[in-house]
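In this text, all values refer to a predicted model and were calculated from it rather than measured experimentally. Values below: all heavy atoms of this structure, side chains included; hydrogens, waters and symmetry mates excluded. Every chain is numbered from 1 and lettered A, B, ... according to where its sequence line falls, protein lines coming before strand lines.
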2 protein chains.
Amino acid sequence: MATRVARTRLRLRKIPRQQRSAHMVETIVEAAARILETRGLAGFNTNAVAERAGVSIGSLYQYFPSKEALIAALSDRERKRLVAGIAETYRQAAAPDLVSALRPLVRAAIRQQLARPALARALDFEEQRLVLNEADRRTTQDIAGVVMALLGRHRRQVAVHDLEEAALDLIAIARALIDGAASRGHVEPAGLESRIMRAVLGYLTGRANVAA
Amino acid sequence: MATRVARTRLRLRKIPRQQRSAHMVETIVEAAARILETRGLAGFNTNAVAERAGVSIGSLYQYFPSKEALIAALSDRERKRLVAGIAETYRQAAAPDLVSALRPLVRAAIRQQLARPALARALDFEEQRLVLNEADRRTTQDIAGVVMALLGRHRRQVAVHDLEEAALDLIAIARALIDGAASRGHVEPAGLESRIMRAVLGYLTGRANVAA
DNA sequence: CAGTAATGCGAGTAATTACTCGCAATGGCT
DNA sequence: AGCCATTGCGAGTAATTACTCGCATTACTG
């Protein structure tokens with residue numbers, strides 16, 4: 001008994017040593033993403049991820065010290081994509097006014113989050129449960145930073161004082177509406193964009209003190 | 001070994017049989033709430049709840065067939081409170097116009113959710129993970145129903161067509177902003193109310209199609 | 001081809017935890 | 001007081017799962 005029968009091992013011959021590590025990491029992270037979006041957080045365990053990746057648990061733990069670290073890596077990857085998309089969009093836009101500056105950002109956020117809606121939702125979800133690591137916190141701050149920069153540029157059209165609070169609120173609004181739409185299966189970017197824009201502009205420019 | 005030493009048992013003498021069951025249920029649900037808000041979802045387990053309630057695990061399982069059932073009961077209780085507060089507020093308000101109809105609802109929601117912020121957040125959170133039971137689904141629908149009724153009454157001031165979608169979106173916005181404020185510890189109802197009102201009114205009345 | 005460091009493997013371990021079941025205490029009854 | 005149905009108890013069980021460790025395989029070096 002307990003005869004160690006080597007089953008189908010990884011075929012690594014093709015990949016030179018130097019690139020192996022990066023390849024393994026990417027394979028495992030992508031497997032984690034797939035498990036998370038198909039089985040949800042409840043069905044997410046390291047053994048399942050390893051199996052999906054076609055890798056042993058031992059190997060998984062060679063690259064990630066813990067389950068949390070794996071989730072953090074995945075979260076970081078997805079967040080970096082979002083940040084990249086948003087930052088790039090912001091840089092390109094000429095941004096003559098508030099509305100035309102905001103719209104592309106909203107559109108970029110929608111496109112990114114709806115590309116893999118279940119994954120985005122699961123992560124949005126997980127990120128508050130998890131005590132975020134430094135890397136995650138940095139990228140979150142990056143998104144808020146871009147929004148703050150935008151608000152700062154159009155200060156005159158904006159009726160809020162606390163720009164950081166506003167940035168965080170706007171991000172929360174966009175997330176909530178995108179996640180909600182995704183959960184209902186209403187994946188119609190145009191309508192969604194319009195709804196988010198209305199809420200966001202109302203937040204920034206509205207006067208809610210209108211008495212009864 | 002294994003001598004069954006009865007430790008401090010429940011002192012029930014005071015409570016007549018008929019009321020016992022309800023008392024136990026309430027005690028356990030409240031203990032569940034406290035565990036959830038102090039240790040979070042990760043630290044929430046039935047043994048901890050039983051201990052906190054001063055009740056044995058056996059007793060817990062006498063009243064709740066499963067952990068999920070317990071969470072569902074808690075979720076249901078909190079949600080019913082929210083619905084009650086909102087429905088009552090809606091009934092009382094004369095509601096001459098959209099703004100003065102919406103504001104009390106927003107205020108009621110804020111008050112309810114900030115009464116026990118950690119609990120509200122944990123539940124908001126848990127409710128999407130959980131496949132909601134019929135009771136929960138009904139109460140969710142109840143909140144949306146009140147909002148839809150309100151929107152219907154003020155149709156002329158509202159620029160949206162799909163009232164159900166709008167109701168769900170508005171609830172999501174309010175939740176996101178309240179939960180976000182709670183997580184940051186910014187518990188200042190007045191400012192929060194204003195921010196939510198601006199976003200909500202923007203959503204309902206704004207024209208986001210303003211070209212660049 | 002032989003030697004060997006690096007790498008992958010996966011059975012096993014320890015910890016957690018939802019849940020059961022047989023027994024003990026209780027208190028309402030006569 | 002004595003009976004006994006009801007109710008509470010909590011040690012134990014089974015399942016899950018994060019993670020380890022010693023070994024097998026690989027592929028680079030000469």
Side chain of A/Arg20 only, heavy atoms from C-beta on: which candidate in C/dC9, D/dA27, D/dT7 is closest?
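So the side chain of A/Arg20 is nearest to D/dA27.
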Excluding sequence neighbours, so at least two apart, what forms ring pair (Phe, Tyr, Trp, His ring centres under 6.0 Å) with A/Phe44?
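Scan of A/Phe44 (ring pair (Phe, Tyr, Trp, His ring centres under 6.0 Å), adjacent residues dropped) gives none.
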Got a sec, which residues hit ring pair (Phe, Tyr, Trp, His ring centres under 6.0 Å) with A/Phe125, two or more places apart in sequence or on another chain?
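For A/Phe125, the residues satisfying ring pair (Phe, Tyr, Trp, His ring centres under 6.0 Å) (neighbours in sequence not counted) are B/Phe125.
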For [X], give me all partners under salt bridge (Lys or Arg N to Asp or Glu O under 4.0 Å), at least two apart in sequence or on another chain.
X: A/Arg175; answer: A/Asp124, A/Glu127
X: B/Glu88; answer: B/Arg91
X: A/Glu51; answer: none
X: A/Arg107; answer: A/Glu193

Determine whether A/Thr46 and A/Phe64 make a side-chain contact, defined as any pair of heavy atoms from C-beta on separated by less than 4.5 Å.
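Heavy-atom side-chain distance check fails, nothing below 4.5 Å.
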Sequence neighbours excluded and cut-off under 3.5 Å, please list the side-chain donor-acceptor pairs for residues 146-155 of chain A, or say none.
{"residue": "A/Arg153", "atom": "NE", "partner": "A/Tyr90", "partner atom": "OH", "Å": "3.3"}

Can you measure [X] atom [atom1] to [N] atom [atom2] for me and round it to whole angstrom units?
X: B/Met24; N: C/dT26; atom1: CE; atom2: P; result: 14 Å
X: A/Ile28; N: C/dT7; atom1: CD1; atom2: P; result: 13 Å
X: B/Leu41; N: C/dT16; atom1: CG; atom2: C1'; result: 15 Å
X: A/Leu60; N: D/dC21; atom1: CG; atom2: C1'; result: 16 Å

Hey, is the side chain of [X] poking within less than 4.0 Å of OP1 or OP2 on [N], counting only N and O atoms?
X: A/Gln62; N: C/dG8; value: yes
X: B/Tyr63; N: D/dT7; value: no
X: A/Ser56; N: C/dG8; value: no

What's touching nucleotides 17-19 of chain D from the protein side, N or O pairs under 3.5 Å?
{"residue": "D/dA18", "atom": "OP1", "partner": "A/Lys67", "partner atom": "NZ", "Å": "2.8"}
{"residue": "D/dA18", "atom": "OP2", "partner": "A/Thr46", "partner atom": "N", "Å": "2.8"}
{"residue": "D/dA18", "atom": "OP2", "partner": "A/Thr46", "partner atom": "OG1", "Å": "2.9"}
{"residue": "D/dC19", "atom": "OP2", "partner": "A/Tyr61", "partner atom": "OH", "Å": "3.0"}
{"residue": "D/dC19", "atom": "OP2", "partner": "A/Lys67", "partner atom": "N", "Å": "2.7"}

Just report the end-to-end axis angle for the helix from C/dC1-D/dG30 to C/dT30-D/dA1, five pairs per end, to 10 degrees.
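One end's axis against the other's: 10°.
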Can you tell me which residue pairs pass the salt bridge (Lys or Arg N to Asp or Glu O under 4.0 Å) test with a partner in residues 178-192 of chain B, sequence neighbours excluded?
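Every pair satisfying salt bridge (Lys or Arg N to Asp or Glu O under 4.0 Å) with a residue in residues 178-192 of chain B: A/Asp169-B/Arg184.
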Taking every non-hydrogen atom, the tightest pair across B/Ala167 and B/Ala144:
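Looking at all heavy atoms of both residues, the shortest contact is CB-O, 3.8 Å.
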Filter on ring-ring contact (aromatic ring centres under 6.0 Å, His included), then keep only pairs touching residues 182-204 of chain B, sequence neighbours left out; what's left?
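Not a single pair qualifies under ring-ring contact (aromatic ring centres under 6.0 Å, His included).
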Check the interface with nucleotides 13-15 of chain D: list each N/O to N/O pair with the protein under 3.5 Å, or write none.
none

